[in-house]
There are 2 protein chains.
Amino acid sequence: MTDLDFATCCDEHEIHECAITRARQALPAERQAQRLADVFKAMGDPTRLRIILALRAGELCVCDLAEVLNMSQSAVSHQLRVLRGLHLVRNRREGKEVLYSLDDDHVISMLAQAADHVRHTLETEE
Amino acid sequence: MTDLDFATCCDEHEIHECAITRARQALPAERQAQRLADVFKAMGDPTRLRIILALRAGELCVCDLAEVLNMSQSAVSHQLRVLRGLHLVRNRREGKEVLYSLDDDHVISMLAQAADHVRHTLETEE
DNA sequence: TATTCATATGAATGATTCCTCATATGTTCA
DNA sequence: TGAACATATGAGGAATCATTCATATGAATA
């Protein structure tokens, strides 16, 4: 490697070397980052997000959720499984029904922050 | 419609009718819900999430981001476009380079809440 | 115990998506 | 102006995903 290599930004430019190191340290551990992405991804599907939004009003059985979202019971059940796996929703059995509710207050906070962001950007967009 | 129709949960059971109405009112307008999902989905891709995480430490040019994430410049650029479209990141030109930074503090708050959730669930999971 | 209702799940498929490759755009400097 | 660098973008292909359909599990009730 010659000194000429230092001439370009992307290889070894000194100034950026420092920024790169700083940025690398800002990245969390692989496992946490992946799980973080999983959570956002789960909330990024319209069906799953609407499930979460609906559950803000209180617990609902699968059947009612399907009715609210106007979707098949099977489709809703499949997505509830994903949300359960990430501890975004919780369930309890009551006779034949299974009632779902939000698992964690963090979810509400995330929604609130995201809603603020969206409101803000939708306003300034037109 | 006979009274017998009220016997099942999923059709017209009175008790659930009320819960369904309540849940429906908890759903935001279609446009907002879709945009909300878009934001979460954007943050749900590992590459885009890592871009956001890296930018917490300060602005970076595309080339440095590619270096930090160990990905091609093209791949990073494609994802930056998505993030830009949702106002999650902002850019400014400085000579030949384009420097990217986080656009909105809400993003940081969302990350913090999600990280809390993940930390909490990862702990109690084993 | 047999039936009915509520939910869960496996397989299949159509749609979406992220990356790569090639190339275009935009900026600096000789 | 032309060459070199940094970034953006379009097309294409492999992988992922959300729904549907059929069926299994689990609980209540007659």
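Please read these numbers as outputs of a predicted model, since none were measured by experiment. By convention in this document, chain letters (A, B, ...) are assigned in the order of the sequence lines, proteins followed by strands, and residues within each chain are numbered from 1.
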In whole angstrom, give the distance that lies between atom CG of A:Leu60 and atom P of C:dA6.
15 Å
Between atom CG in A:Leu69 and atom C1' in D:dT20, what is the gap in whole Å?
17 Å
In terms of side-chain heavy atoms of A:Lys96, which of D:dT7, D:dA27, D:dA18 is nearest?
D:dA27
Within the supplied structure, the quantity of interest is the number of heavy atoms (other residues, nucleotides, ligands) at a distance under 6.0 Å from A:Arg81 CZ; does it exceed 12?
no
Are the ring of A:His78 and the base ring of C:dT9 both nearer than 5.5 Å at their centres and tilted by less than 30°?
yes
From CZ of A:Arg92 over to P of C:dA8, roughly how many Å is that when rounded to an integer?
14 Å
Taking the minimum atom-to-atom distance to the side chain of B:Ser74, which one of D:dA18, D:dC17, C:dC21 wins?
C:dC21
Distance-only polar pair, side chains of B:Tyr100 and B:Arg84, donor-acceptor under 3.5 Å
yes
Between CD1 of A:Ile51 and P of C:dT7 the distance, given in whole Å, is 13 Å
Which pair of heavy atoms, one from B:Leu55 and one from B:Val89, lies closest together, and at what distance?
CD1-CG1, 3.8 Å
Can you tell me how far P of D:dT7 sits from CD of B:Glu67, to the nearest Å?
12 Å
Quick one: B:Leu65 CG to D:dT7 P, roughly how many Å, whole number?
9 Å
Nearest to the side chain of B:Ser72, heavy atoms from C-beta on, is which of D:dT7, C:dT20, C:dA8?
C:dT20
From the candidates D:dC5, C:dG10, C:dC19, the one with an atom nearest any side-chain atom of B:Thr47 is C:dC19
5'-most contact on DNA chain D: A:Met71 or A:Gly95, nearest heavy atom basis?
A:Met71
Among the nucleotides D:dT19, C:dT9, C:dA22, whichever has the atom closest to the side chain of A:Arg84 is C:dT9
When you check the phosphate oxygens OP1 and OP2 of D:dT20, does a side-chain N or O of A:Gln73 lie under 4.0 Å from one of them?
no
Is there a side-chain polar atom (N or O) of B:Tyr100 under 4.0 Å from OP1 or OP2 of D:dA8?
yes
Is A:Arg93 near enough to C:dA6 that one of its side-chain N or O atoms lies under 4.0 angstrom from OP1 or OP2?
no
Would A:Asp38 and A:Lys41 pass as an ion pair if we require N to O under 4.0 Å?
no
When you get a sec, tell me which of D:dT7, D:dT16, D:dA6 is the closest nucleotide to the side chain of B:Ser77?
D:dT7
Please determine if B:Glu59 and B:Arg90 form a salt bridge, counting it only when a charged side-chain N lies under 4.0 Å from a carboxylate O.
no
Could you check how far CD of A:Gln79 sits from P of C:dA8, rounded to whole Å?
13 Å
When you measure from the side-chain N and O atoms of B:Lys41 to the phosphate of C:dT17, is any distance below 4.0 Å, counting only OP1 and OP2?
yes
On DNA chain D, check which nucleotide each of A:Glu94 and A:Asp45 is closest to and give me the residue with the more 5' one.
A:Asp45
Can you tell me if the side-chain N/O atoms of A:Arg81 get under 4.0 Å from OP1 or OP2 in C:dA8?
no
4.5 Å side-chain heavy-atom contact, B:His16 and A:Glu97
yes
Starting from P on C:dT7, measure out to CZ on A:Arg90 and report it in whole angstrom.
18 Å
